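Structure record follows, encoded as structure tokens.
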Number of protein chains: 4
Amino acid sequence: MTPQPNPERRSERARRAVLDAVFEVARAKGYGKTTIEAIAATAGVGKPTVYRWWPSKGAIALDAVNDRIGDSMDFPDTGDIVADLTAQLTAVAAMLTGDIGALYRGIIAEAQSDPDLAAALRATFLEPRIRRCVGRLDTAVAAGQLRADLPTRTMVDILYAPVYYRILLGAGPEETLRSPLLVETVLEGLRPS
Amino acid sequence: MTPQPNPERRSERARRAVLDAVFEVARAKGYGKTTIEAIAATAGVGKPTVYRWWPSKGAIALDAVNDRIGDSMDFPDTGDIVADLTAQLTAVAAMLTGDIGALYRGIIAEAQSDPDLAAALRATFLEPRIRRCVGRLDTAVAAGQLRADLPTRTMVDILYAPVYYRILLGAGPEETLRSPLLVETVLEGLRPS
Amino acid sequence: MTPQPNPERRSERARRAVLDAVFEVARAKGYGKTTIEAIAATAGVGKPTVYRWWPSKGAIALDAVNDRIGDSMDFPDTGDIVADLTAQLTAVAAMLTGDIGALYRGIIAEAQSDPDLAAALRATFLEPRIRRCVGRLDTAVAAGQLRADLPTRTMVDILYAPVYYRILLGAGPEETLRSPLLVETVLEGLRPS
Amino acid sequence: MTPQPNPERRSERARRAVLDAVFEVARAKGYGKTTIEAIAATAGVGKPTVYRWWPSKGAIALDAVNDRIGDSMDFPDTGDIVADLTAQLTAVAAMLTGDIGALYRGIIAEAQSDPDLAAALRATFLEPRIRRCVGRLDTAVAAGQLRADLPTRTMVDILYAPVYYRILLGAGPEETLRSPLLVETVLEGLRPS
DNA sequence: AAGTAACCGAGACGGTACGTCTCGTCTTGCG
DNA sequence: CGCAAGACGAGACGTACCGTCTCGGTTACTT
């Protein structure tokens, strides 16, 4: 979609170095004060190399987050939807308060005024995870564990929303991790009647 | 806390001009590309005047938003908690998708890497409104309209979270305004058992 | 002519620092490898300050040369045109082989593909000096020391040309300073018949 | 001297394409804005091929000028030294104001801060031509047409200098082509007494 | 005729400097 | 003494070229 140079000749070494560097710089100075200049310097890479492959700092960070998370946040399926959701949301909340979360919150912030980044965030990060969650919830609905008269997509929103809300609006980690309580409460509204 | 010059001699004209200018510039170029330089120029005000009274762009925007909203988003109390919450959340969602919302989302974004701004956002904007909401919910709990075994503070989080979540993670306006459905669903979980 | 900011508010400190820095950097690394970046850094001045007042490296160098030479190369008038010209041309040749000359040759080089700089070089440096030389030659013509059937302007060209020729085409200093012999020879052709 | 690859295997096609390209690019954008990148692209040649055979842009241009001029500027010998010099200098002045001249002036400019290029310019271009001129002048001296008490090498300097001087210091073409007058005047000083 | 060496095109790379933009501070009159 | 105006030091921005370095591919010699 974006007109890039020949990706076959791309240097894997440089790609790795940049993705690692964005974490390192963000840890040292905070995401807001992270500059592409510093990322390039830390990675031992020329600035044009960075700009050749990524359109913005946020795009680098998104790549780095995706790369680091990989499939490690896959959705569990033990048959118990409450336990699965609690486990998953706790993992997400933990992620959001760690190193990766610092980057991730920066990405969301930057996406507020960068539509391309917002689209990439949805397409490469949110949608796949939402879809997997939707799949798990569909199973639960089929098993009669959740009400059937509400789109599972909407359920996902209701479940994840509090976690993001608390992180982005500044709740401390301890509060965030009360999420088990949240899950149970929200699930009250999702029980089959 | 911040060492400012004598506020009694402050020019009200300059204050008004700056608060109006931040809206005008943000509307014209987007919050992300709004610079203090442009705000000062549009306001017909010297840059030092801006820096004398506000520590950052976000602080100006927060002042402007607070100034413009005033008490207009006060919480209704018709006795019907469902109607009141629906009305209030719809109003919030509408605000977040308009001119003010653009600024507001910018403030939240900037607060991700500016702790001072995050604190100011909580202290001058969120907390007062949350407290008013908590008050209304306490009344509803007392009236037996809501379950009593959950802190009303947590209820507020669960109710508002989906609105913010959808706005900040890029749902379109149409989706956002499905919030009445959300409210009802969430309230299912808050009903007294 | 060039639209600059208000020159009254210009910082004399910054101006001096830049003019000195161009000499220092050129001495250290050669004019060709002198960058505006290095000039600004050496001067302890921001790059925009440099670009605010000068359009190019050559323009800075030209200012610096003019500033340093000042009136020190004024034309002598002892009544003896041969002695005066010899003195003057020797001084020019000496200048061209020293620190100032290194810069000056760089300016001439840069002017080859920068018409604005070429114009500035003629207007602020060459023309005033040529005019003073013409004045001296006119006196000599009036005194019958030089032929009257040749424009004194052309005489100036013929007299100065060999000095520049040797410097720019790479003659060493020793050769250049044979200029007394050159002057005498050229003057043979300028004697009244 | 410079360690090059086996010249026997050199691609004549690439050589020609580069020498032609430097003219084309310089005509289109001016010598100063001519880049090796553009030369290679215009020539349809890889950058390493250029760098393999030439150390700098100036070296390419010098090769191109030498290649294009060839022997076409050979010195005439009609027996009349005044006519021969006038013809020759007029031809040089004409060359210097044309396409080749634009390149040539660029080479001289670049040579001011590139000693290798300066040396190559003298060795491959200037010296052979000066030597041929010296030969012609020696003949004239022997024929009693020129004074014998001045090294003919110096005479060459005095004769060519005004042409270069006017071109390099920015005199317009019309002035430059007054060179016949110059020649006569200068020759006054070279006549046998 | 096959093998092989080296030049070729293409173009990504680590860099440097460019000229611009915006920051937040400092300086200078004006009211 | 706060104000407008705006120059300043600082430094990141995104771009253009630099000169180097792989890559395959294509000659053109060697065996």
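Chain letters run A, B, ... following the sequence lines, proteins first and then strands; every chain starts at 1. Every value quoted in this text rests on a predicted model; they were computed, and no experiment measured them.
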Under 6.0 Å from the ring centre and within 45 degrees of the ring axis: does the NZ or CZ of A:Arg105 meet both conditions for the six-membered ring of A:Tyr31? no
Look only at the side chain of A:Lys47 and the backbone of A:Ile36, and say whether a donor-acceptor pair between them is shorter than 3.5 Å. no
I'd like to know if the side chain of C:Thr124 reaches the main chain of C:Ala120, judged simply by a donor and an acceptor atom lying under 3.5 Å from each other, with no hydrogens or angles considered. yes
Rounded to the Å, how far apart are B:Arg52 CZ and F:dG2 C1'? 6 Å
Counting N and O atoms only, with roles assigned by atom type, does the side chain of D:Glu24 sit under 3.5 Å from a partner on the main chain of D:Asp20, one being a donor and the other an acceptor? no
Terminal axis angle for the helix from E:dA1-F:dT31 to E:dG31-F:dC1, five pairs an end, nearest 10 degrees: 10°
Distance check needed: F:dC8 P versus C:Glu12 CD, whole Å only. 11 Å
What is the separation between atom CG on D:Asp116 and atom P on F:dG19, rounded to the nearest whole Å? 13 Å
Ranking B:Gly46 and A:Tyr51 by the position along DNA chain F of their nearest nucleotide, the one closer to 5' is B:Gly46
Covered region of DNA chain E, 5' end to 3' end, by chain B [heavy atoms, under 4.0 Å]: E:dT22 to E:dC26
Which residue lies toward the 5' end of DNA chain F, A:Ser56 or B:Ala43, if each is placed at its nearest nucleotide? B:Ala43
Starting the side chain at C-beta, find the nucleotide from F:dG6, F:dC8, F:dA12 nearest to A:Glu37. F:dA12
Nucleotide nearest D:Arg9 (side chain, heavy atoms from C-beta), chosen from F:dC3, F:dC8, F:dT27: F:dT27
Let me spell it out: for each of A:Arg10 and D:Ala14, pick the nucleotide of DNA chain E with the closest heavy atom. Which residue's pick is nearer the 5' end? D:Ala14
CH2 of A:Trp54 versus P of F:dG14: gap in Å, rounded? 15 Å
Can you check whether D:Thr34's main-chain N or O pairs, donor with acceptor, with D:Lys57's side chain at less than 3.5 Å? yes
Under 4.0 angstrom, heavy atoms only, what part of the nucleic acid is C:Arg15 near: base, sugar-phosphate, or nothing? nothing
Just compare F:dG14, F:dC17, F:dC8 and give me whichever is closest to any side-chain atom of C:Trp53. F:dC8
Please name all residues satisfying side chain to side chain contact (heavy atoms under 4.5 Å, CB included) with A:Arg9, sequence neighbours left out, ordered by chain then number. A:Asn6
Whole-Å distance separating the CD atom of C:Glu8 from the P atom of F:dC8: 13 Å
Treating B:Thr42 as the side-chain partner and B:Ala38 as the backbone partner, does any N or O pair qualify as donor plus acceptor under 3.5 Å? yes
Quick check on DNA chain E: between A:Val45 and C:Ile36, whose nearest nucleotide comes earlier from the 5' end? A:Val45
